[in-house]
Number of protein chains: 2
Amino acid sequence: MNSSAQPGGVPARPTSRDVAERAGVSQATVSLVLRERWQGRVSPARAETVREAARALGYRPNLAARSLRLGRTRTALVVVPALSSEFFAKVYAGAARVAAEHGFGVVLYPSPEGIGPAPDPFAHSSATLDGVLAASMAAPALRALSGGGLPLVMLDSEPQDPGAAATVNPDIADGMRRTAAHVLDLGHRRLAHLAADVDSWTFRERADALARETARVPGAAIVRTERAPLSVRGGLAAAERALTADPRPTVLVCDDDVLAVGALKAARRLGLRVPGDVSVTGFDDTELSTAVEPELTTVRLPATAMGEEGMRALLAALRGETAPGAVLPVALIPRASTGPPPAG
Amino acid sequence: MNSSAQPGGVPARPTSRDVAERAGVSQATVSLVLRERWQGRVSPARAETVREAARALGYRPNLAARSLRLGRTRTALVVVPALSSEFFAKVYAGAARVAAEHGFGVVLYPSPEGIGPAPDPFAHSSATLDGVLAASMAAPALRALSGGGLPLVMLDSEPQDPGAAATVNPDIADGMRRTAAHVLDLGHRRLAHLAADVDSWTFRERADALARETARVPGAAIVRTERAPLSVRGGLAAAERALTADPRPTVLVCDDDVLAVGALKAARRLGLRVPGDVSVTGFDDTELSTAVEPELTTVRLPATAMGEEGMRALLAALRGETAPGAVLPVALIPRASTGPPPAG
DNA sequence: CTGAAAGCGCTTACAG
DNA sequence: CTGAAAGCGCTTACAG
């Protein structure tokens, strides 16, 4: 009886046994050939026969069986807080590219805080994982991850985290420092900070760098800090609060492009021109920042490079090497949303 | 020797055998208890002992072994063309929620055309999959998927596709019909269509509906169709071409919010007011549509519901039932980017 | 109510 | 150069 047919008539998936039978060799030979471990152990002619049989049957190795046997899966989990952000999409793309180069696959896990509903990234990753690459996680989500006992590389996160094999960060502090220097150089002295209402390293870093740089300039001060959820609406409400305060700030330094877009809307509603009456800065350089008018002065983060470097570090850790951390450079992109403060 | 310690000192993951040993029962009992199949077969006291042992050891079943044994994984692949879009993020969220309700997990595969590099969604899904849910795929990507031989449910795609067990669509034609009716009612007669440069059902549907509805009104015509890649920049260039044509259209009907945002920028560059000189419509109702000024008249798609319904259809197909297709209603959201055409 | 045993599909150390 | 056999960790039909 043909093992590729079942009682119900549903064609069963061919196994390496089927391939072996068709090629007239043992299962072992099939495995050797298909895994490219045959050189000097199987004759070239036989190897070709095996490949042909596999092709003819449409054979695909059962990955569950392979994983079980090998004890590893050549699969990494990439955890991101939000799917709908270009930044994380690029991080993923970079990580997946490097993983593929090394014969690794990648499973994406959008963490619950961002979007998904699954409470446990390990409950249903479809199989065992070899390692985890996690980006920009808030503290609680991070703790859940550390519990997995897998090699973990963090992106855009606390550098000294003891649970991580390595950390790959953009130079957030430098990005905010450049932003602050840019508006201070333009002459601004009354700054407001529109801060993301998220407890994570990356946003603490922004707040600290802004405070430090502002303190270096005599007469300059952060006259107001408004926390906002990461949405246009959140930025709008926070900016309205900041812009109706007395004295009114002359620049809104925002933790994220999406908040800055909200700030532009707030200014317009209040009849303030940007940058004539008030300047606005963003952070991330997403497509949003050039979608609006005026286009946003913002900080470009090396998203793809972070995914790539992070995956390299994870693969190194999986080989048992000490994974190198990294701090990647960022760039300030000056656009039309910033200018000199109004006279007086 | 303790099986949870290895020569190297690395703690091995505990297995069901370890749990059985600690609880003083057989491996079979462990499996029965942890899979909740013990009622009437194992005494409650023993069941509790097993659960305690599992907890104490931090036991997690090896999913590769379970999958191999069961021949299925309770895992579906969700394929989306782009990660950085709220629409697909919501589709994913809906699908994952319904899957979780049924004890299914979900693995995300951003198809290469959108963003990712992996050429074969099946090469590295980390294990076998039970089924596939694919959204808005262009024709070639779709063909690759059909080859998997897995139950396939399509979202936002050709309804009659023979490879799919079911198709769940938003009522795209109705959305574009309402958009066209809205601008025709306002008095517009010279329409331009900013069409997405993507060969897929959803965009063909938009073009057809727009043409049909326009043809119903005497004197109205699509005076120009411009194809554009799906980006702000693409929309900008296409809109500049359309707006410098003679006669100039009085409204730009765009296939997507991102194109409409580009159209707003083009109008501004040409010194045209929106909607005073030219009206603009979008499609999708993403956050972009309210980020810009004026805010976009657009069509809201039931993204989350599509993910939910799609996953329900896939789970039905996996149970061997005939999966119901569905067409979900959409809504026109009129905002400030549309108004009456200029006099003359 | 409980346990011993078989087997899912694969890979690899070993024997020839 | 090739094959027979063991075993990865789990689940389930079967025997007691």
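Convention: sequence-line order gives letters A, B, ...; per-chain numbering from 1. As a basis for the values below, the full set of heavy atoms in this structure was taken, side chains included, without hydrogen atoms, waters or symmetry mates. Remember, it's a predicted structure, so these values are computed and weren't measured experimentally.
- Within residues 27-41 of chain A, the residues that have a heavy atom under 4.0 Å from DNA chain C are, in order of number, Gln27(A), Ala28(A), Ser31(A), Leu32(A), Arg35(A).
- Checking side-chain atoms of Asn169(A) against main-chain N and O of Asp156(A) turns up a donor-acceptor pair under 3.5 Å.
- Considering only the side chain of Arg66(B), dT11(D) comes nearest among dC8(D), dT11(D), dC10(C).
- Closest-nucleotide positions on DNA chain C for Pro44(B) and Arg17(A) were compared, and the one nearer the 5' end corresponds to Pro44(B).
- If you measure from atom CG of Asp18(A) to atom P of dG9(C), you get 9 Å, rounded to the nearest angstrom.
- Going from atom CH2 of Trp38(A) over to atom OG of Ser43(A) covers 8.5 Å, rounded to the nearest 0.5 Å.
- Taking atom CD on Glu21(B) and atom P on dG9(D), their separation rounds to 13 Å, with Å as the unit.
- Note that OH of Tyr59(B) and CG of Asp18(B) are 9.5 Å apart. Values are rounded to the nearest 0.5 Å.
- Rounded to whole angstrom, the span from the CG atom of Leu68(A) across to the P atom of dG9(C) amounts to 12 Å.
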For DNA chain D, the dot-bracket pattern of Watson-Crick and G-U pairs whose distances stay under 3.5 Å, | for other-strand partners: |||.||||||||.|||
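- The line from CG of Leu152(B) to CE of Met137(B) is 10.0 Å long, rounded to the nearest 0.5 Å.
- Nearest-nucleotide positions on DNA chain D for Leu70(A) and Arg69(B) put Leu70(A) closer to the 5' end.
- Here the side chain of Thr49(B) pairs a donor or acceptor atom with the backbone of Ala45(B) at under 3.5 angstrom.
- With a 4.5 Å cut-off on side-chain heavy atoms, Leu155(B) and Val91(B) count as touching.
- Taking 4.5 Å as the limit, every side-chain heavy atom of Leu34(B) sits out of range of all side-chain heavy atoms of Pro61(B).
- Between Val50(A) and the options Leu32(A), Val33(A), Val42(A), a side chain to side chain contact (heavy atoms under 4.5 Å, CB included) holds for only Val33(A).
- Applying the side chain to side chain donor-acceptor pair (under 3.5 Å) criterion to Gln39(B), with sequence neighbours excluded, gives no partner residue.
- For dA4(C), neither phosphate oxygen OP1 nor OP2 lies less than 4.0 angstrom from any side-chain nitrogen or oxygen of Ser26(B).
- For Ser43(B) and dT2(C), the shortest distance from a side-chain N or O to OP1 or OP2 is below 4.0 Å.
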